[in-house]
Q: 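Pasting a structure here, questions to come.
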Amino acid sequence: MSDWIDIGALGDIPQRGARVVKTPLGCVAVFRTILDEVFALDNACPHKGGPLAEGIVHGSSVTCPLHNWVFSLETGQAQGADDGGVATYPARIDAGRVYLDANFLQMRAAE
Amino acid sequence: MTQKIVVIGAGMASGRVLEHLSDAGADVEVTLFNAEPRGNYNRIMLSPVLSGDKTYDEIVTHDAHWYAERGVTCRFGEKVASVDRGAKTVTAENGDVLPYDKLVFGTGSNPFIIPFPGHDLEGVIAYRDLEDTERMMGLGEGHKAVVIGGGLLGLEAAAGMAARGVDVTVVHIMGHLMERQLDEAAGYLLRKALIDKGITVKCSANSKEILGENGHVKALLLDDGTELPCDLLVMAVGIRPNVALAQDSGLQVGKGIYVDDQMITSDPDVLAVGECVEHDGAIFGLVAPLYDQAKVAAQTLMGAKATFVQKELSTKLKVTGCDLFSAGDFADGEGREDIVFRDPARGVYKRLVIEDNRIIGAVFYGDTADSNWFFGMIRDKTDISDMRETLIFGPAFQGSAPLDPMAAVAALPPDAEICGCNGICKGTIVEAITGGASDLGAVRATTKASASCGTCTGLVEQLLAVTMGDEFESKQAGICGCTDLTHEEVRRLIKSQELKSMAAVHQELGWKTSCGCHVCRPAINYYLLADWPVEYQDDPQSRFINERKHANIQKDGTFSVVPRMWGGMTTPNELRAIADAAEKYDVPTVHVTGGQRIDLLGVRGEDLPAMWADLNRAGLVSGHAYAKGLRTVKTCVGTDHCRFGTQDSTGLGIKLEKKLWGSWSPHKVKLAVSGCPRNCAEATCKDIGVVCVDSGYQIGVGGAAGMDLKETQRLADVASEQEAIDLATAFMQLYRENAKYLDRPYKWIAKVGLDWVKERIVDDLDERQALIERFELSQSIYQKDPWAEHVAEQANAYQPIADFKLEAAE
């Protein structure tokens, strides 16, 4: 059963931008696209740990600010020639608020 | 069943074995020992690290993540003490005993140190690993170094140190440099090129003794009595396979560890690869055969049949910027004839050695473009009688083929080797291109061609052009994958079609993606704000993080903070505020920059607004050290203090900085003002540099001291300070309105010509004034302290949106 927790207002995340949620095991980046979809991904690029939340968001992708690896926000997988990926977490919007799945975040903590 | 493999040595050959095993999904459990405290890096690339063209991080081929992902247990910085082949175990230095099913030796080679008297003095090193490289890098300008050995490694060490301002002498025992790869004529050209770089070269020189003082090297003594003083002595006279452990383990060893065609040693469960092996009487130093060995060893480990064959080798090198190629046998001899081509003006030398109408050897210096074609003819023993007269001019001149730079590459057969490091042939690359690899990066990713030393990059690009035709060129020209239009075309259309928003650009110019990408968005955002300062609203989400958060992101995700110091001037009060902020926010590193500013590095993103607020209170504002915009104006103290100063250079610097700060531009812009021609502020290598003279001000533009080193070109000499400020302002605006994003002024001037610039801002006073007015209009909107603005309006955006760390701890 899903247990959705409210992390903040959609308006607090800029369009084509991201904000960070801190968890006991590192940060999760919550992205908002130009179409107002939200996606939650691990914040650390598998290449050199770059903070993905600081990257440029384009379409449903984000470019890591350190060395320009591009990741799909939908799958967490690196695009193009680069190989790797980050974990993704369920996220949704309801009445202008953004929710993450608490069970998933806890599973993450338990890992 | 999972096979336990222990690998001793993390070098280029054993690293490639691991790659093959992992690519094939082999069911293995690998433990990797390495005496060096790190994993595999591209040893060929130590020279670019030494010369400063690359950093160590860029030459790492396997990082910790790579090993972790493949389940390789790494024991770096640990040696293997012994091997018990009977029990099939290895014992680590700390006493751990590890069983193996298969053992792989990749122990590499040791540099050979000639046991001259004094060879064990402090300051006598080899050139082998990162530590040696760092020793050379740390020597510093004005020091002296001697390199013994005029082979490839010795010369790269010499050139790398010379590039860092070290006074270098190369001592070589043979009559000419690189005698194994070059003939005398090519050796002469190479020597000349080195002397031009300020390196002293002594050939036919015998070293006798290394002299020391207090245990440290002081000089090298030659047998003719010459003393060459030095602070560091690099011995680069060759390598010896490292066989000590193999010998202690009872394996059969000659010059190297004996291996058969399957890379198996005298023990069927022990393999060896790389520079430590001896195969069929030969030992190996170049990377191509090592990679072939690695492929075979991986197959053997997986139980497949593969055979290592020694190939005819050619050497294609770039030594200190000079292209060299040699292959086959190029010694003089009876029945051998030479065909020689020389172009002294270009420093080109080509020699083919012919025997029985076949090419048996070749040496090229300065132009190695056709070397693959010639190497193919040596290997295939092609009869050249029909083309003898034009042979030396290369494939483009054979038969009726037209003079076309692409013809040479187009004419290569599919099995012509393009990438020597990885043994990749033309056919493999063409296959990858037709399979969809449409740029250099994609070819590298799919074939590994040009991914090691990079000397074949030009050939791979030509193959892309030949295979894809016009499609490749048009792809080259567009800004990115989102559009086929070039930067220049987009800039023109933004003005002519009056496009005033990102959405308008995407729609009207037919962008192929929904909202651009990280390449085009920052460029378009800049063009729009530069051309429509009033109408367009700057879009932070289209800016790189540094400009979005007004701080430079560092490799660990922290930021750096640089307050502005007008004209490089500061006060005790400002310094106190900076020191207080550094302490309050636990700043780990405080650094003074080349632009006369103080850089506070390692600041957490969350602390930025509070730190800025503190600095603001002391009157400090953002130094825009992160901006494609005005960075710094560096000054000397001019007439204020200096007995040579001719004008108030400090005052002019401050005025220029107050006028130009806060403006965005296609790339960063740095200024300097020197108070006299002694030029202590180094104004002649800045984007805009003013040198004060008794009669006024010399204004130079288009200097640089980064990737390229450029001296400024003189824009004009003016008599008054106001004219100097006007010219600098008009130049800035002309650059802002016309240059391509990420072109520094020197690159832009190279495209439009300095005369074009002069016509508009020196000769045409109306145009100068109009430019200044447009600049001032833009400044009325953009000249503001972003720190104060962000502290007041969006400090929250720097914090996490939610924090579950605290709750979890409760």
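Keep in mind the model is a prediction, meaning the values are calculated, not measured. Each chain gets a letter, A, B and so on, in the order its sequence line appears, and its residues count up from 1.
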Q: Give the member of B:Glu69, B:Gln554, B:Glu606 that has the highest number of heavy-atom pairs under 4.5 Å with chain A.
A: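 Top count of heavy-atom pairs under 4.5 Å with chain A: B:Glu606.
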Q: Contact part of A:Ile5 toward chain B, heavy-atom cut-off under 4.5 Å: side chain, backbone, both or neither?
A: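 Side chain only.
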Q: When only pairs under 4.5 Å are counted, which of B:Cys515, B:Ala437, B:Ser542 shares the most heavy-atom pairs with chain A?
A: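 Answer, by heavy-atom pair count under 4.5 Å with chain A: B:Cys515.
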Q: To check you understand the geometry: which heavy-atom pair defines the closest contact between A:Ala9 and B:Ile801, and what is its length?
A: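 Closest heavy-atom pair between A:Ala9 and B:Ile801: O-CD1, 4.3 Å.
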Q: What pair of heavy atoms forms the shortest contact from A:Leu66 to B:Lys555, and how long is it?
A: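 Of all heavy-atom pairs spanning A:Leu66 and B:Lys555, the closest is CD1-O, 3.3 Å.
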Q: For a 4.5 angstrom cut-off between non-hydrogen side-chain atoms, does A:Ile56 reach B:Arg521?
A: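 Side-chain contact under 4.5 Å: yes.
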Q: So for A:Pro65, is it side chain, backbone, both, or neither that comes closer than 4.5 Å to the heavy atoms of chain B?
A: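 Looking at A:Pro65, backbone and side chain both touch chain B.
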Q: For the pair B:Asp539 and A:Arg16, evaluate salt bridge (Lys or Arg N to Asp or Glu O under 4.0 Å) and give the outcome as yes or no after the intermediate values.
A: CA-CA 10 Å; B:Asp539 174 23; A:Arg16 295 180 305 179; 2.6 Å; yes
Q: Kindly give the heavy-atom pair with the smallest separation between B:His518 and A:Val70, and that separation in Å.
A: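 Looking at all heavy atoms of both residues, the shortest contact is CE1-CG2, 3.8 Å.
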Q: Roughly how far apart are B:Phe544 CZ and A:Asn68 CG, rounded to 0.5 Å?
A: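 Taking CZ in B:Phe544 and CG in A:Asn68, the distance rounds to 7.0 Å.
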Q: Test your reading of the model: is there a side-chain donor-acceptor pair from A:Glu54 to the backbone of B:Ile545, 3.5 Å cut-off?
A: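 A pair under 3.5 Å: no.
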Q: Do you know which two heavy atoms are closest between A:Gly17 and B:Gln541, and how far apart they sit?
A: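 Looking at all heavy atoms of both residues, the shortest contact is CA-NE2, 3.2 Å.
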